[in-house]
Amino acid sequence: IENALNDAIDKVLARIAEYWKNDMQNGVQYRIIVSLAQGFAPDDVENIQMAFLDAWDKLTKNQSYKENIVTAQTLDYLVWCDPGQFQQSTRLYQKIKLFIDAAFPAGKTSQININRKMLLLKVDKL
């Protein structure tokens, strides 16, 4: 039983290590959750959603991103960025803010919370 357990643990650890090795080839992973303020017209919500997609195409490494959830009030993404370009999550926020505010001038992007790997943002109506 002990040999079987050791063998199983070794295989699981090897799979985990391989997963992280492959993930790092995509770049540094960030989770970005965006809250949209109430009161945006449906067309404005879609324009904001499309602006974020355009931002990921420009800001991510090899256009590597995953859409977790998109609603009228919440956007949730995993993005992989070039570690040479974005060594700090605040630098990524800075670029996102510039990009979204320019693409959607009827709103203002701001931070709720930023830590090493997760950015909580909001878009308010001007």
Side-chain angles (χ1 to χ4, degrees):
I1 292 174
E2 182 180 344
N3 286 339
L5 284 175
N6 285 335
D7 186 49
I9 289 172
D10 288 342
K11 288 179 182 176
V12 168
L13 291 176
R15 288 180 69 187
I16 291 171
E18 186 64 24
Y19 168 83
W20 286 112
K21 180 180 165 188
N22 290 337
D23 193 60
M24 284 305 295
Q25 290 176 352
N26 291 330
V28 177
Q29 183 184 110
Y30 292 96
R31 176 133 189 225
I32 301 172
I33 301 172
V34 183
S35 174
L36 304 181
Q38 298 285 336
F40 282 115
D43 287 344
D44 288 340
V45 170
E46 286 186 5
N47 289 336
I48 294 167
Q49 292 168 346
M50 298 308 136
F52 274 95
L53 289 178
D54 291 340
W56 306 148
D57 287 342
K58 300 282 186 208
L59 299 176
T60 60
K61 185 177 179 184
N62 301 321
Q63 297 181 345
S64 298
Y65 60 92
K66 179 182 175 189
E67 193 174 75
N68 292 324
I69 189 168
V70 175
T71 71
Q73 275 78 47
T74 304
L75 310 173
D76 183 347
Y77 295 96
L78 289 175
V79 300
W80 287 265
C81 298
D82 183 351
Q85 186 178 8
F86 299 110
Q87 294 178 353
Q88 300 168 335
S89 54
T90 305
R91 290 289 181 206
L92 177 58
Y93 165 69
Q94 179 183 34
K95 293 289 186 176
I96 292 169
K97 179 176 176 50
L98 290 172
F99 193 94
I100 299 302
D101 288 352
F104 188 75
K108 179 184 175 202
T109 308
S110 58
Q111 62 179 317
I112 296 171
N113 188 16
I114 296 177
N115 65 32
R116 286 185 49 227
K117 297 292 182 176
M118 187 165 81
L119 290 79
L120 296 175
L121 310 177
K122 65 180 178 176
V123 178
D124 289 311
K125 191 173 182 179
L126 286 180

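For the single chain, residues carry numbers from 1 onward in sequence order.
Taking hydrophobic clusters as Ile, Leu, Val, Met, Phe, Trp and Tyr residues chained together by side-chain heavy-atom distances below 4.5 Å, L120 does not share a cluster with F52. Hydrophobic clustering (ILVMFWY, side-chain heavy atoms < 4.5 Å, transitive): L75 and L98 are in distinct clusters. A single hydrophobic cluster is not seen to contain both M118 and L92; linkage of ILVMFWY side chains at heavy-atom distances under 4.5 Å, directly or through other members, places them apart.
Other residues, nucleotides and ligands place more than 12 heavy atoms under 6.0 Å from the CD atom of E67. Around atom NZ of K66, no more than 12 heavy atoms belonging to other residues, nucleotides or ligands sit under 6.0 Å away. At most 12 non-hydrogen atoms from other residues, nucleotides or ligands lie less than 6.0 angstrom from NZ of K108.
Side-chain contact check for F104 versus L126: every heavy-atom pair is 4.5 Å or farther apart. Residues V34 and I100 are not in side-chain contact: their nearest non-hydrogen atoms beyond the backbone lie 4.5 Å or more apart. Contact check for V123 versus F40: side-chain heavy atoms found under the 4.5 Å cut-off. Put simply, the side chain of L78 reaches to within 4.5 Å of the side chain of N68, judged on heavy atoms. For the pair Q38/Q73, a side-chain contact is recorded, criterion being any heavy-atom separation below 4.5 Å from C-beta on. Side-chain atoms of K117 and V28, non-hydrogen and from C-beta on, do get closer than 4.5 Å to each other. Between R15 and V12 there is no side-chain heavy-atom pair separated by less than 4.5 Å.
Here the closest non-hydrogen pair linking F86 and K95 is CE2-CG, 3.5 Å. Taking both residues in full, the closest heavy atoms of W80 and G27 are given as CD1-O, 3.7 Å, listed atom of the first, atom of the second, then distance. Closest approach of D124 and A37 over heavy atoms only: OD1-CB, 3.6 Å. Of all heavy-atom pairs spanning V70 and Y77, the tightest one is CG2-OH, 3.8 Å. Taking both residues in full, the closest heavy atoms of G107 and D101 are given as O-OD1, 3.9 Å, listed atom of the first, atom of the second, then distance. In plain terms, the two heavy atoms of Y93 and S110 that are nearest each other are OH-CA, 3.3 Å.
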Passes side chain to side chain contact (heavy atoms under 4.5 Å, CB included), L59 versus V79? Steps please. CA-CA 9 Å; L59 299 176; V79 300; over 6 Å; no
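For the side chain to side chain contact (heavy atoms under 4.5 Å, CB included) criterion with L121, the lone passing option out of I33, I96, I112 is I96.
Below 30°, between 30° and 60°, or above 60°: for W56 and Y65 the angle between ring planes is between 30° and 60°, a tilted geometry.
Between the side chain of Q49 and the backbone N or O of A72, no donor-acceptor pair lies under 3.5 Å. Side chain of K61 to main chain of N26: no donor-acceptor pair is present (N/O by atom type, distance under 3.5 Å, no hydrogens or angles). Looking at S89, its side chain does come within 3.5 Å of a backbone N or O of N115 through a donor-acceptor pair. Side chain of D82 to backbone of G84: a donor-acceptor contact under 3.5 angstrom is found. Judged by distance alone, the side chain of N47 and the main-chain N or O of D43 form a donor-acceptor pair under 3.5 Å.
The structure places CZ of R31 at 12.0 Å from CG of L119, a figure rounded to the nearest 0.5 Å. Considering CG of N6 and CD1 of I1, their distance stands at 12.0 Å, rounded to 0.5 Å. Atom-to-atom distance recorded for Y30:OH and I114:CD1 is 10.5 Å, nearest 0.5 angstrom. Note that OG1 of T60 and CD of Q85 are 9.5 Å apart. Values are rounded to the nearest 0.5 Å. Taking CG of L5 as the start and CG of D10 as the end, the distance is 11.0 Å to the nearest 0.5 Å. Rounded to the nearest 0.5 Å, atoms SG (C81) and CG (N62) are 11.0 Å apart.
Look at K58 and D54 and you find no salt bridge, because none of the NZ, NE, NH1 or NH2 atoms lies under 4.0 Å from a carboxylate O.
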